[in-house]
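Structure first, then comments.
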Number of protein chains: 2
Amino acid sequence: MIRVLIVDDHQVVIDGISSILEDDASIKVVDSALTGADALRKLEFCAVDVLLLDINMPEMDGIEVVRQLHKKGIKVNVLILTMHNNAQFTKQLIELGVQGCILKNSGKKELIFAINEVSQGRRIYSEDVTESLFDSLEKTQNAVDQVQLTKREVEIIKLIASELNTNEIAEQLFISSHTVDTHRKNILSKLGVKNLAGLVKFAYENQLV
Amino acid sequence: MIRVLIVDDHQVVIDGISSILEDDASIKVVDSALTGADALRKLEFCAVDVLLLDINMPEMDGIEVVRQLHKKGIKVNVLILTMHNNAQFTKQLIELGVQGCILKNSGKKELIFAINEVSQGRRIYSEDVTESLFDSLEKTQNAVDQVQLTKREVEIIKLIASELNTNEIAEQLFISSHTVDTHRKNILSKLGVKNLAGLVKFAYENQLV
DNA sequence: ATTATTCTCACTATTTATGGGTATTTACTT
DNA sequence: AAGTAAATACCCATAAATAGTGAGAATAAT
């Protein structure tokens with residue numbers, strides 16, 4: 001028997017999902033909450049296997065709820081319900097260790113299947129979601145080929161990104177610090193960024209780290 | 001009929017894969033190459049639907065081959081063959097727009113299926129691979145919770161990462177630049193990093209950007 | 001009500017980074 | 001042989017960041 005707690009700011013959604021899950025003998029909706037705060041409260045006293053969590057909620061959104069769960073040391077399998085399919089968002093969820101994420105327009109079968117998987121500690125991300133994650137990862141590249149950086153410049157970017165200053169880089173490469181300075185200037189102008197921060201950003205977005 | 005070009009630095013692997021693919025009527029191995037450079041040469045004159053590409057090769061590795069393909073404007077569906085299952089690596093592949101990636105110890109069926117999918121322009125990443133990608137994404141978080149940053153500090157980190165300097169941040173937040181300076185100092189010491197570069201790195205690794 | 005944290009501001013001093021030049025040597029291309 | 005790109009090096013000047021120290025005011029927590 002899988003005990004589920006439903007969290008959504010709309011009672012109709014809660015009722016709808018409840019009625020769907022009622023049909024399944026292996027799942028029991030033990031409680032529900034209309035706010036994140038309420039969910040956290042109930043999770044402290046109520047044994048729950050799967051937390052069915054809406055993302056878009058006023059005041060405390062789903063992500064914040066998960067963060068609080070971590071802070072309080074409450075361990076529960078989380079299945080996120082979301083309407084949109086944003087990649088940046090998905091990334092965050094995965095990084096938070098959320099077990100699963102399905103779109104709100106998923107069918108009854110998908111929902112029940114997902115709850116079962118998540119309750120076993122397995123990961124479930126609907127195809128649309130992973131697809132959008134891949135898409136977002138794809139975007140980043142390209143820039144490094146657009147900008148004509150020399151080998152030496154790439155080398156120096158990496159060293160800058162690893163927190164070395166001009167002198168340290170000069171020592172490591174056995175060249176004058178003046179030369180490193182020149183390279184820095186050229187890099188900044190080639191990348192069209194204002195300062196070190198922009199440089200490190202570029203390094204990150206182009207996997208030079 | 002799917003035309004395949006096999007690239008691997010071991011002739012035995014090429015022969016092995018060839019013999020597997022021979023059994024399938026819809027796939028034809030048109031040629032093979034033992035080095036990345038040779039593969040690039042052959043791709044210019046030979047019509048190929050799917051490039052079956054080994055990653056670990058001396059001199060020019062698979063990733064570099066894909067980069068060169070982009071540079072030369074050669075468009076071909078790439079299916080990567082890999083032995084290990086490294087996440088950082090997978091990320092790079094996805095970012096390069098590689099259609100698929102399967103482990104060398106995959107079975108015959110998986111391989112043929114993957115080639116078919118990739119030839120249609122669809123994406124195929126074996127489960128192990130995506131799993132490891134998820135794992136790596138999960139690791140990054142935590143740090144932001146470990147370090148006790150205040151709201152203001154997080155706010156300032158974001159502004160620094162977007163290439164604003166101290167004065168610009170002060171203007172934007174309607175506070176003195178001295179205050180921003182103090183925050184910067186506290187942030188650097190809390191994060192235990194040496195300079196701006198380390199700060200921006202932290203921002204990136206913790207999705208504060 | 002008291003404590004603790006956070007946010008705020010200031011001063012000095014030093015180190016680093018940035019922006020503007022110029023110039024030489026090497027290696028590769030045509 | 002001439003031209004070009006890359007790596008090297010130096011100068012000057014200014015802007016910005018880092019380090020150290022101290023301290024008042026607002027807020028949240030107990």
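The sequence lines fix the lettering, A, B, ..., with proteins before strands; numbering per chain opens at 1.
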Quick check for you: name the first and last nucleotides of DNA chain D, 5' to 3', having an atom under 4.0 Å from a heavy atom of chain A.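 Endpoints of the contacted stretch of DNA chain D: D:dA6 to D:dC10.
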Check the phosphate of C:dC7 against B:His183, side-chain N and O only, distance under 4.0 Å to OP1 or OP2. Yes or no?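 The answer is no; no side-chain N or O of B:His183 sits under 4.0 Å from OP1 or OP2.
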Any side-chain N or O of A:Arg184 less than 4.0 Å from the OP1 or OP2 oxygen of C:dA17?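 Affirmative; the distance criterion is met.
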Without decimals, in angstroms, what is the distance between [X] [atom1] and [N] [atom2]?
X	N	atom1	atom2	result
A:Leu199	C:dT18	CG	C1'	12 Å
B:Glu155	C:dC7	CD	P	9 Å
B:Asn186	C:dC9	CG	P	14 Å
B:Ile187	C:dC7	CD1	C1'	12 Å
B:Ile160	C:dA17	CD1	P	15 Å
B:Arg152	C:dT8	CZ	C1'	9 Å
B:Asp181	C:dT14	CG	C1'	13 Å
A:Lys151	C:dT26	NZ	C1'	15 Å

Given B:Leu53, which partner from the list B:Leu79, B:Val66, B:Val98 fulfils the side chain to side chain contact (heavy atoms under 4.5 Å, CB included) test?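 Result for side chain to side chain contact (heavy atoms under 4.5 Å, CB included) with B:Leu53: B:Val66.
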When we call it a touch if two heavy atoms are under 4.0 Å apart, what does A:Thr182 touch: a base, just sugar-phosphate, or nothing?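 It contacts base atoms.
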Cut-off 3.5 Å, side chains only: do A:Asp15 and A:Gln11 have a donor facing an acceptor?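 Judged by distance alone, the side chains do pair up.
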Could you please spell out the steps behind the side chain to side chain contact (heavy atoms under 4.5 Å, CB included) verdict for A:Gln99 and A:Glu117? CA-CA 9 Å; A:Gln99 270 79 16; A:Glu117 288 293 294; over 6 Å; no
When you measure from the side chain of B:Thr179 to the backbone N and O of B:Ile175, does any donor-acceptor pair fall under 3.5 Å?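 Not at all, since once roles are kept as given, no pair shorter than 3.5 Å links the two residues.
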Keeping A:Lys201 on the side-chain end and B:Val200 on the backbone end, is there a donor-acceptor pair under 3.5 Å?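 Here the side-chain-to-backbone pair does not exist.
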Taking the basic N atoms (NZ, or NE/NH1/NH2) and the acidic carboxylate oxygens, is any pair closer than 4.0 Å for A:Glu168 and B:Lys194?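 Between B:Lys194 and A:Glu168 there is a salt bridge, with a charged N closer than 4.0 Å to a carboxylate O.
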By nearest nucleotide on DNA chain C, pick out whichever of B:Thr179 and A:Asn195 is the more 5' one.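 Residue closer to the 5' terminus by nearest nucleotide: B:Thr179.
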Working note: B:Asp54 + B:Val7, criterion side chain to side chain contact (heavy atoms under 4.5 Å, CB included); need CA distance, chi angles, decisive distance, verdict. CA-CA 6 Å; B:Asp54 182 30; B:Val7 188; 5.8 Å; no
Looking at residues 161-178 of chain A, who's got a heavy atom less than 4.0 Å off DNA chain D?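 Nucleic-acid contacts, sorted: A:Ile175, A:Ser176, A:His178.
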Step-by-step side chain to side chain contact (heavy atoms under 4.5 Å, CB included) determination, B:Leu52 to B:Val29: CA-CA 10 Å; B:Leu52 203 57; B:Val29 178; over 6 Å; no
Pick one: which of A:Lys28, A:Arg3, A:Lys75 meets salt bridge (charged side-chain N to carboxylate O under 4.0 Å, His left out) with A:Asp49?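 Among the candidates, only A:Arg3 passes.
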